[in-house]
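In each ligand, atom 1 is the first atom listed, and ligand 1 is the first ligand listed.
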Amino acid sequence: AFEVHEIVVPHIGHVPVAKGDFKYLPKQVQDFVTQWVDVCQPRAVYICDGSVEEAEEITAKLMERGTLHKLTKYPNTYICRTDPRDVARVESRTVVCSVDRYATECHTKDGAASQLAHWISPENMDAAMQERFPGCMAGRMMYVIPFSMGPIGSPLSKIGVELTDSNYVVLCMRLMTRVSHDIWRVLGNNEFVRCLHSVGCPRPVNYRVVNHWSCNPEKVIIAHMPDDRMVVSYGSGYGGNSLLGKKCFALRIAGRIAYDEGWMAEHMLIMSVTNPKGVEKFFVAAFPSACGKTNLAMIQPTLPGYTVRCVGDDIAWMRFNKDGQLMAINPENGFFGVAPGTNHQTNPNAMAALQRDCILTNVAETADGGYFWEGLEDEVDKDIPITTWLGKPYKIGSKENYPSSHPNSRFTAPAKNCPIMHPKWEDPAGVPISGIIFGGRRPEGVPLVIEAEDWKHGVFLGAQVKSEATAAAEFKGKQIMHDPMAMRPFLGYNFGKYLQHWLDMEKPGRKMPKIFHVNWFRKDQNEKFLWPGFGENIRVLDWMMRRVDGEDIAEPTAVGLVPKEGSINTDGLNINWKELFSIPPDYWKGDIHETRRYLEEQVGDDIPPVLRSELDRVEARVDAM
Ligand code: SAT
Ligand code: MN
């Protein structure tokens, strides 16, 4: 005779645990999972461990369903096409919850609608959640993703747990963050950032699912509760809306933690430049989304003898160490880069990173199993049949079904695939920053580079960042939008307080980095770019390095320091220096008055007094031009 053993499936309430050992999770995580299992009612819970086997299992499921499609040209690389209604961040539905409205928004002039963070009251937040979350995962799996922003266990890193009903999100989180079983041990009894995400499509679905991509565009909300260190996202599966470690955690929530703890969480790439003398300096740079941060972070310098290495392409966490040196880490583990425009000319290092282990979302496919997007015309067979991101046939050069890829189509690639990652890119101590660069797309009036006179003036330069709208969010057309510090979409608290926090970074004994503003996008009367950009940008970085070392190659103007004529190496280029560096008085008078109008309307009484006097000072000088 033999005994019959009952197979006991562990449960959370009455919901079975499909994978993983719930008992192993720290108590505070168990409570978090239990709470939302009760509300969302998934059919089962899947505790992720970050293993390769797990990725293979989930990839196979997504291929079976048709959400992912394997590209035969590159190993372990997949194409994904979303519902065309779910293609970018939704700024208008991105909100921050606080008891006091002015913890989130500024005291705007005459109650103007805030463009710098959108507030939601705790009552409205509760109602929004009540309307969406109960039962929202019915018939679906809830994945529990343990992740670290920054190297696992580093003192500068932070841990989060994302609950999601999207397995596409699981795969992308594995590329963009560090997902591992080890997180539970490192976390112990400590606090973590709570992330809750649902595509908002409980089963049975009573509408047509487009492209095997579940989403609920009418009900999208991306909400942040900085006091509770929590993010709640509903209705979208795309990018920054759903990979909650990225903009939601690493910028909006971390920004608030940084404010409380005296450090900085910024929308910045991190890179190093080594000159022919072997001297290396690190820079961070803040440009609005889709303005070329990824390209700059990975440039292939055209000047001989220079080496560029990449630490990160989107987010920098920075703090001054005990020696007064500003140190930066990249909290991410991968790149979520804009695909169109990326090619072997503009960014060979990104192309190298795209040879394996990637997910490409909303790009086109060539008949031989490769990817295609606008910008790759010279790198594939001209006659090859192409299928657009909308599944339509396309031929290079044809107007029909153009463009082949959505303008905000993206590649998701592991950082370690990039051949020029800095050997210290995962150093827990971070890398020492010598210069901070701001910039945007400014077709008119703004010179190639401006250097701030001091830290305060630099903060002002950052506050006046504007740029042509791009496809990274829902805005249309070529309007020039304010995007102060390139943070407009990513603020987690009152922007006046944020500016004061920047000003407060300057303290005796600290080595304040130099601050610059660049514009690669100035055009002449014939709409032609005045500067070649991309690899040639090394020439501007070289000038900045020499400025950091105090070389006498800058001269004052009303708007800041600019290069003395000829002090940027333009050998071999055909450059109209006068036009590239001109500061047209009429343009700048209009611009500075417009900046004042914007700051007074949007930041209002929250404008820090020091920043206001910078504005007055610069405006008086510009008016006297
Ligand atoms: O916010 S996303 O991560 O979707 C991309 C961006 O805007 O930089
Ligand atoms: Mn970004």
Side-chain angles (χ1 to χ4, degrees), residues 80 82 85-95 117 147 149 162 166 168-169 171-173 175-177 195 197 215 220 222 224 231 233 235-255 265-271 284-298 310-317 330-342 350 359-363 405-413 415 437-441 465 467-475 481 483-492:
C80 171
T82 71
R85 297 171 300 170
D86 191 17
V87 293
R89 274 186 292 101
V90 190
E91 274 186 43
S92 58
R93 308 276 193 100
T94 300
V95 295
F147 66 96
M149 299 310 288
E162 177 163 347
S166 160
Y168 166 83
V169 166
L171 286 186
C172 292
M173 282 294 284
L175 292 171
M176 295 306 299
T177 76
C195 301
H197 170 253
C215 61
V220 168
I222 300 105
H224 305 72
V231 182
S233 168
S236 165
Y238 200 77
N241 298 335
S242 67
L243 313 180
L244 301 186
K246 196 172 177 56
K247 311 293 190 179
C248 298
F249 174 168
L251 289 175
R252 299 192 192 96
I253 299 291
E266 302 298 333
H267 189 208
M268 292 175 172
L269 67 84
I270 312 170
M271 69 191 297
V284 288
F287 308 152
S289 296
C291 286
K293 283 204 307 299
T294 306
N295 288 340
L296 182 61
M298 298 180 192
C310 176
V311 177
D313 80 328
D314 196 42
I315 298 176
W317 285 358
N330 169 13
E332 298 193 280
N333 197 33
F335 304 114
F336 185 63
V338 178
T342 308
I359 299 175
L360 299 129
T361 307
N362 289 339
V363 305
S405 303
H406 187 276
N408 192 41
S409 56
R410 299 269 176 164
F411 55 77
T412 312
I437 305 169
F438 291 107
R441 289 175 189 267
V465 166
S467 190
E468 243 172 28
T470 68
E474 71 266 37
F475 307 105
M481 295 177 72
D483 195 344
M485 318 305 260
M487 284 289 281
R488 184 199 65 236
F490 309 120
L491 294 165

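- Taking only nitrogen or oxygen atoms, main chain and side chain alike, Asp314 does not reach within less than 3.5 Å of ligand 1.
- Arg89 places no side-chain N or O within 3.5 Å of a backbone atom of Asn241 that could act as its donor or acceptor partner.
- Between Trp317 and Phe249, the two ring planes are tilted [angle within 30° to 60°].
- Contacts with ligand 1 closer than 4.0 Å are made by no heavy atom of Tyr238, backbone or side chain.
- Interface atoms of ligand 1 facing Lys246, defined by a heavy-atom separation under 4.0 Å, are 3 (O).
- For ligand 1, the polar-atom distance check finds no N/O of His267 at less than 3.5 Å from any of the ligand's N/O atoms.
- Below 3.5 Å of separation, one finds no N or O of Phe336 facing any N or O of ligand 1.
- Looking from atom 5 (C) of ligand 1 to the surrounding protein, the closest heavy atom is Arg410 NH2, 3.4 Å.
- Cation-pi geometry between Lys247 and Phe490 is satisfied (NZ or CZ under 6.0 Å from the ring centre, within 45° of the ring normal).
- The closest protein non-hydrogen atom to atom 6 (C) of ligand 1 is Ser289 OG, 3.3 Å.
- The Mn ion (ligand 2) lies closest to atom OD1 when only the N/O/S atoms of Asp314 are considered.
- Side chains of Asp313 and Thr294: a donor-acceptor N/O pair is present below 3.5 angstrom, by distance only.
- Of the possible polar contacts, none joining the Arg441 side chain to the Ser467 backbone as a donor-acceptor pair under 3.5 Å is found.
- Side-chain contact check for Thr177 and Asn333: no donor-acceptor pair (N or O, by modelled atom type) lies under 3.5 Å.
- A side chain to side chain contact (heavy atoms under 4.5 Å, CB included) with Lys293 holds for exactly one of Met268, Met298, His267; it is His267.
- Taking atom 4 (O) of ligand 1 as the reference point, the nearest protein heavy-atom neighbour is Gly240 N, 2.9 Å.
- A side-chain donor from one of Thr361 and Tyr168 sits under 3.5 Å from a side-chain acceptor of the other.
- Where the criterion is an N or O separation shorter than 3.5 Å, residue side chain and backbone included, Lys247 meets it with respect to ligand 1.
- At a threshold of 2.8 Å, the Mn ion (ligand 2) has no backbone or side-chain N, O or S atom of Ala486 nearer than that distance.
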